[in-house]
S.K.: 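Sharing a structure here in structure tokens format.
A, B, ... follow the sequence lines: proteins, then strands. Residue 1 opens every chain. As a basis for the values below, the full set of heavy atoms in this structure was taken, side chains included, without hydrogen atoms, waters or symmetry mates. This structure is a prediction, so every number in the text was calculated from the model and none was measured.
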Protein chains: 2
Amino acid sequence: MFSKACEYGIKATIYIAVRSNEDKRVSLKGIANHIDSPEAFTAKILQMLARENIILSVRGINGGFEIEKSRLEHIKLADIVKAIDGDNIYKGCGLGLSECNELHPCPVHFEFKKVRDDLRELLETTNLKSLAMDVSSGVSFLRI
Amino acid sequence: MFSKACEYGIKATIYIAVRSNEDKRVSLKGIANHIDSPEAFTAKILQMLARENIILSVRGINGGFEIEKSRLEHIKLADIVKAIDGDNIYKGCGLGLSECNELHPCPVHFEFKKVRDDLRELLETTNLKSLAMDVSSGVSFLRI
DNA sequence: TTTTATTCGGACAAAAAAGTCCTATTTTGG
DNA sequence: CCAAAATAGGACTTTTTTGTCCGAATAAAA
């Protein structure tokens with residue numbers, strides 16, 4: 001469904017959110033450890049997210065990554081996915097036709113409509129804060 | 001969502017179904033032309049589908065691919081997807097956790113449940129015959 | 001001011017996916 | 001039987017994705 005990069009990106013952002021909510025900044029190493037991802041590759045993904053202003057990166061000693069607490073509620077899963085994988089997952093044609101729409105549909109267009117729309121809805125409404133809260137409270141997990 | 005191979009596989013199978021329903025056998029070349037796919041690559045995918053007994057391949061002059069008419073209704077999208085991409089799309093964890101379930105969920109597990117289940121339902125119930133009929137009647141399209 | 005702990009970013013490497021090419025095999029029609 | 005028209009399948013190439021390495025830049029602490 002998502003690329004590996006996107007999976008790491010989502011997990012990393014959630015972990016940064018968890019710690020930011022506790023007013024802590026986290027290092028690349030800390031992130032990679034907590035989400036069980038390859039460090040150097042994760043660094044690339046965090047760079048992308050920082051360039052898209054989804055997370056804030058701070059260089060130097062005691063540096064790391066953080067997210068402004070007040071923004072946690074307003075950052076949606078869709079923002080992360082779009083920054084890394086683009087929006088083809090929930091906007092593109094299920095069979096890869098370049099011109100697929102209600103008037104010129106691929107064979108699975110209408111069947112997929114509901115799934116695609118639900119996925120879009122989900123990504124566009126699920127916010128970082130609630131995802132982070134579930135992890136903090138032990139309701140959900142970022143690894144294994 | 002699906003790999004390129006799977007997209008080609010689905011389109012190819014639908015096209016074979018369309019022609020089988022008219023009691024015609026189709027050649028690789030005919031398939032690749034109609035679904036706008038790379039011929040040699042499509043050949044590999046058709047081999048996979050034939051090995052999985054989803055389609056029947058016939059060698060030699062006047063050879064090609066076909067599907068027993070009576071089976072069209074019973075072959076589901078899920079059969080094709082499973083043969084090519086496996087069932088990770090609708091069975092695996094959205095964030096790639098190896099052990100993600102109701103008791104040890106990833107942060108998006110419950111949010112994704114509906115989408116995943118709907119996708120599975122869709123793939124497991126949509127049959128080749130109805131997809132082929134829509135193409136035959138000009139309701140849906142296999143290319144552009 | 002120097003050391004140290006960080007991220008940044010470019011170049012590289014490995015693995016997987018996508019795609020090509022060529023020869024062997026099969027089948028049928030002449 | 002032979003030639004022609006197909007698919008089968010192995011080896012190969014290209015592209016994309018995933019992942020690594022290392023030096024430069026940065027910022028704080030000593």
S.K.: How is B:Arg25 classified with respect to the nucleic acid when contacts are heavy atoms under 4.0 Å: base, sugar-phosphate, or nothing?
M.R.: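 Result for B:Arg25 = nothing.
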S.K.: What's the CE-P distance between A:Met48 and D:dG19, to the nearest Å?
M.R.: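 A:Met48 atom CE is separated from D:dG19 atom P by 12 Å.
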S.K.: Indicate the atoms forming the closest heavy-atom contact of A:Leu49 with A:Gly9, along with that distance.
M.R.: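 So the minimum-distance heavy-atom pair works out to CD1-O, 4.0 Å.
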S.K.: Side chain of A:Lys44 only, heavy atoms from C-beta on: which candidate in D:dT7, D:dC21, C:dT20 is closest?
M.R.: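 So the nucleotide nearest the side chain must be D:dC21.
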S.K.: Counting side-chain heavy atoms from C-beta on, which of D:dT7, D:dA29, C:dG19 comes nearest to B:Phe41?
M.R.: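 Among the listed nucleotides, the one closest to the side chain of B:Phe41 is C:dG19.
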S.K.: Choosing from D:dT7, C:dA18, D:dA28, which nucleotide comes nearest the side chain of B:Phe65?
M.R.: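 Comparing D:dT7, C:dA18, D:dA28 against the side chain of B:Phe65, the answer is D:dT7.
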S.K.: Is the phosphate of C:dA18, meaning OP1 or OP2, less than 4.0 Å from a side-chain N or O of B:Tyr8?
M.R.: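 So the side chain of B:Tyr8 is outside the cut-off, no N or O lying under 4.0 Å from OP1 or OP2 of C:dA18.
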S.K.: B:Leu28 side chain: which of D:dT7, C:dT27, C:dA18 is closest?
M.R.: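 Taking heavy atoms from C-beta onward, the closest nucleotide is D:dT7.
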S.K.: Here's a test of your reading of the structure: between A:Asn62 and A:Arg51, which maps to the more 5' nucleotide of DNA chain C?
M.R.: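 Final value for this comparison: A:Asn62.
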S.K.: Check whether any side-chain heavy atom of A:Leu119 lies under 4.5 Å from a side-chain heavy atom of A:Met1, and answer yes or no.
M.R.: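 In contact.
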S.K.: Does C:dT7 have its OP1 or OP2 closer than 4.0 Å to a side-chain nitrogen or oxygen of A:Gln47?
M.R.: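 No, A:Gln47 has no side-chain N/O under 4.0 Å of OP1/OP2 on C:dT7.
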S.K.: Could you work out which one of D:dA28, D:dT7, C:dT28 sits closest to the side chain of B:Arg59?
M.R.: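 So the side chain of B:Arg59 is nearest to D:dT7.
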S.K.: Any side-chain N or O of B:Ser57 under 4.0 Å from OP1/OP2 of D:dA8?
M.R.: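 Yes, because at least one side-chain N or O of B:Ser57 sits under 4.0 Å from OP1 or OP2 of D:dA8.
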